[in-house]
Structure formats: structure tokens, C-alpha cells
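Working notes, structure below.
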There are 2 protein chains.
Amino acid sequence: MENEITSAESIVKIEKRLRYISGMIKQNGRKILHNYPITSPQFVALQWLLEEGDLTIGELSNKISLAFSTTTDLVDRMEKNELVERIRDDKDRRVVRIHLLDKGKVIIHEVIEKRQEYLQEVLDGFSPEEETILNEMLDSLYSRMKQVNEK
Amino acid sequence: MENEITSAESIVKIEKRLRYISGMIKQNGRKILHNYPITSPQFVALQWLLEEGDLTIGELSNKISLAFSTTTDLVDRMEKNELVERIRDDKDRRVVRIHLLDKGKVIIHEVIEKRQEYLQEVLDGFSPEEETILNEMLDSLYSRMKQVNEK
DNA sequence: CGCTTTAGCTTAGTATAACAAATTTTCATC
DNA sequence: GATGAAAATTTGTTATACTAAGCTAAAGCG
């Protein structure tokens, strides 16, 4: 059963807040990446590789919601910088698996740490109760968005 | 006085949630913009112009956290597509004010509406109480981030 | 006034990102 | 083995994004 419709006014407010927050996060992300030899899309890709292990071009493209050809170029540049390497699958020679190299691993770990420090600082302004609520909220938001996006 | 330090584990979890959610929003945004003749950065710029009224290149650059020259190019393309126009300030001939044109206004309104419909759908899964909590949470997050970013 | 500095924006130059369409290579299947 | 499909890449084009250099108008100052 669906709940009552949220007022339009409320939606506008929430949309605005989300936009401002995402602007803040973007701004902070820029500041951090400025000290590292990777770009924002590269960061996203590397983080997925760290989290999921080796991924094919297709899998990575889906994770980061980009066209195959965009991902190919992205990987080209990261390979040139020795952040990752391509490994041809022995069973299926069509498939290329992207593997995180040490240099990439060090960088991505450091950047993630900086981001976590930032988050830590933000959350220092929260009580433990608020933090619990935030966690639950993000969980709900995520699973609900997943539902809606998959429709 | 600061609250107790959030556990590292919790931070990791929250970071991950935020990342997933922003991925979802990005994915949905792409889907919507696909039907309109504007790009994602252009959308952001137009939305600020709608919200704030005419802005100078400098003001707009700050709003969207981009270099002046990037904004100049962005405005060039939007001007070519008749979404906005440049108006020289009469008092101070150095200043250029970016003004939203009708075509741009129609597009930005429609895109915002689509985004709000999406948010509406997401929030339909929430009870009024949850929604109130969400609102408060976003408020806290925003003001706290602003504090931290300005340090 | 005449000079320098500053502010606001644009240009130039380069690298990256993003996509659609065409192509290549390999696999699966008939 | 021919044919079609799948996975990546290449091609071609446009948009984003930055730094550094340049331009023009305003402001400050002797």
C-alpha cells in the first residue's frame, strides 16, 4: 500500500537540499583529487575495482554508468599511468579483465582515506543517535531508489 | 564540545551508501537529460539561473564550482543554443550578466519537473514521519558540510 | 591627468570525458 | 565452416575542464 502523496513544496525543498549537498561533496572531492594524479571518473572506476576485484570493460561500464567506448578510453589512460592493467581472459579471448596495480591501489586507498576523514569531520557534528538515524535513512533511500530505477 | 568519534566501520558504510545513492541519482539524471538538448553541467547552470535570476560569469562559476574559463565556454554553447543570453552591464562594462531565455526556461522547468517526479516516486515509499526525519537530516548534513568546507 | 593595479571576462592550448556508429576479434550454433 | 551474436576497440565528433596568457574597463594614486 502506498503512503499519502508528499506535498510538492516538500519535494522542492528536498531536491534543493540534495543538490546543495551534492555540490558540497563535489567541491570537497575536487579539493582532494587536486593532490593526486587521477581524475574524478578515474577515482570512481578505481574504487569499484578495489571493491569488486577485477572487472571486465562491460561490468565496469555498468557500474559507473558509462558507454563501453568511454570506459575503454578511461582504462587506456589509467593503463598508460600504470594504475591498472588489462588481462585477456584465457577461456574467452574476447573478454578483457581490468586489474588494479599497486600504484593504483596506493592512490585509491589514500584518496578514500581523505574522503573518510572528511566524512568523519562532518559526522563529528552529529550525536550517536543522529548518526544511527542517518544510517537508516541512507539505507531506506538507497533501497527505495534501487526499486524505482529498476522499474 | 565535540561528540565521540564515529567508528571507522560506520564511516565506511555511510560512504558506501552515499556513493551508491549518488550513482543512482546520476543514472536517473542521465535518463532524463537524454530527452532534452542540454547536458548535465548545462542543467546545473540553468537551474542556478532559474533560482537566482541573472548571474555574472564569476557568480555562476562560484555556484557551480568551475573555473571562469570553463563557465565562459559553457555559456558560449548555451548562448549558441539560445538557452541564455549575455547582457553587458551598463554601469560596469567589464561585467557580463547571464540571462535565462524563454527556450532555456521551458527546458529547465521540464527537466526539474521530471526530477521531482522521480523524487516523488522515491518518497512515496516513505511514511510522513520518515519524510520529516529525512528533511531534518538533510538540513543538518548541509549546514554541517558548509561549516566543514569553509574551514 | 597619466600611470599602475586590479577586476572581470575571454582566448589559447591541452587533456579528458562522453557518446553513437562502424569495425574487429572471438565465441557459439547450426 | 558459414553465420550470427558478444565483447572490445576504433573513429569521429562534441563537450568539459584546467592553466596561463591576454584584453578591456574600472579604480586608485601620485
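The model shown is predicted, which means the values in this text are computed figures rather than measured ones. Numbers restart at 1 for each chain; the letters A, B, ... are given by sequence-line order, proteins then strands.
Across the interface with DNA chain D, nearest-nucleotide mapping of D92(A) and S69(A) shows D92(A) to be the residue nearer the 5′ end. Along DNA chain C, the nucleotide nearest to N81(A) and the one nearest to D89(A) differ in position, and the one closer to the 5' end is contacted by N81(A). Heavy-atom nearest nucleotides on DNA chain D were determined for R77(B) and for H34(A), and the one closer to the 5' end corresponds to R77(B). Looking at which nucleotide of DNA chain C each of R88(A) and L66(A) is closest to, the 5′-most match is held by L66(A).
Listed nucleotides dA17(C), dC9(C), dA8(D) differ in distance to T56(B); the shortest reach to its side chain belongs to dC9(C). For V96(A), the listed nucleotide lying nearest its side chain is dT9(D); candidates were dC18(D), dT9(D), dT10(C).
An OP1 or OP2 oxygen of dT9(D) is reached within less than 4.0 angstrom by a side-chain nitrogen or oxygen of R86(A). Contact annotation: T72(B) does not reach the phosphate of dC9(C) (side-chain N/O to OP1 or OP2, under 4.0 Å). Between T70(A) and dC19(C) there is a side-chain polar atom (N or O) within less than 4.0 angstrom of OP1 or OP2. Taking 4.0 angstrom as the limit, R94(A) places none of its side-chain polar atoms (N or O) nearer than this to OP1 or OP2 of dT9(D).
Judged by distance alone, with hydrogens and angles left aside, T39(A) brings no side-chain donor or acceptor close enough to the base of dA17(C) to form a pair under 3.5 Å.
The nearest whole Å value for the distance from the CD1 atom in I38(A) to the C1' atom in dA15(C) is 16 Å. One interatomic measurement links the two molecules: CZ of F43(A) to C1' of dA17(C), which rounds to 17 Å at whole-angstrom precision. Atom P of nucleotide dA7(C) and atom CZ of F68(B) are separated by 11 Å, given to the nearest angstrom. Atoms CG (D73(B)) and P (dG8(C)) sit 19 Å apart, rounded to a whole Å. Going from atom NZ of K80(A) over to atom P of dT14(C) covers 16 Å, rounded to whole Å. Residue M78(A) contributes atom CE, which lies 12 Å from atom P of dT9(D) at whole-angstrom precision. When rounded to the nearest whole Å, the span between CZ of R93(B) and C1' of dG8(C) equals 13 Å. The NZ atom of K26(A) sits 10 Å away from the C1' atom of dA17(D) (whole-angstrom rounding).
At a threshold of 4.0 Å, the pair E15(B)-R19(B) counts as salt-bridged, since one of the basic side-chain nitrogens sits closer than that to a carboxylate oxygen. A salt bridge links R86(B) with D76(B); the closest basic N to acidic carboxylate O contact falls under 4.0 Å.
Nucleic acid contact class of R97(A) (heavy atoms, under 4.0 Å, all strands): none.
Remark: the D124(B) side chain and the Q120(B) side chain contain an N/O donor-acceptor pair separated by less than 3.5 Å. Judged by distance alone, the side chains of Q27(B) and R30(B) never bring a donor and an acceptor atom under 3.5 Å apart.
Not a single donor-acceptor pair under 3.5 Å links the side chain of S65(B) to the backbone N or O of S61(B).
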